[in-house]
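Computed from a prediction, not measured in an experiment: that's the story for all the values here. By convention here, the first residue in the shown sequence is residue 1.
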Amino acid sequence: GVNGEQTVINTIGEGSGFYFTNGSCTEIKWESDADGTLRFLNTEGSTLTINRGRSYVAYVKSSRTDSVIYE
């Protein structure tokens, strides 16, 4: 946040996204429940295996996905 403020986002539900690793991009799904458990899944619904090292999770409102550009 700005000036020490934090943004709190309620993400109970499910959605889709992308996982970038080792120079490739894979479409994924995510789901979160009321207890705060966040799961990342491949498109078949199996738990996504995330590579060791630095990881970054970003949130983009579904109404703003057209403004996201990646190469």
Q. If you look at every heavy atom in L38 and S32, which pair is closest and at what distance?
A. CD1-CB, 4.1 Å
Check: residues 39-48 side-chain donor-acceptor pairs under 3.5 Å, at least two apart:
from	atom 1	to	atom 2	distance (Å)
N42	OD1	E44	N	2.9
N42	OD1	G45	N	3.0
N42	OD1	S46	N	3.0

**Q.** Counterpart residues, side chain to side chain donor-acceptor pair (under 3.5 Å), relative to D35 (two or more places apart)
**A.** T37
Which donor-acceptor pairs under 3.5 Å do side chains of residues 16-26 form with protein atoms, sequence neighbours excluded?
from	atom 1	to	atom 2	distance (Å)
Y19	OH	N51	N	2.9
T21	OG1	N51	ND2	2.5
S24	OG	T21	O	2.9

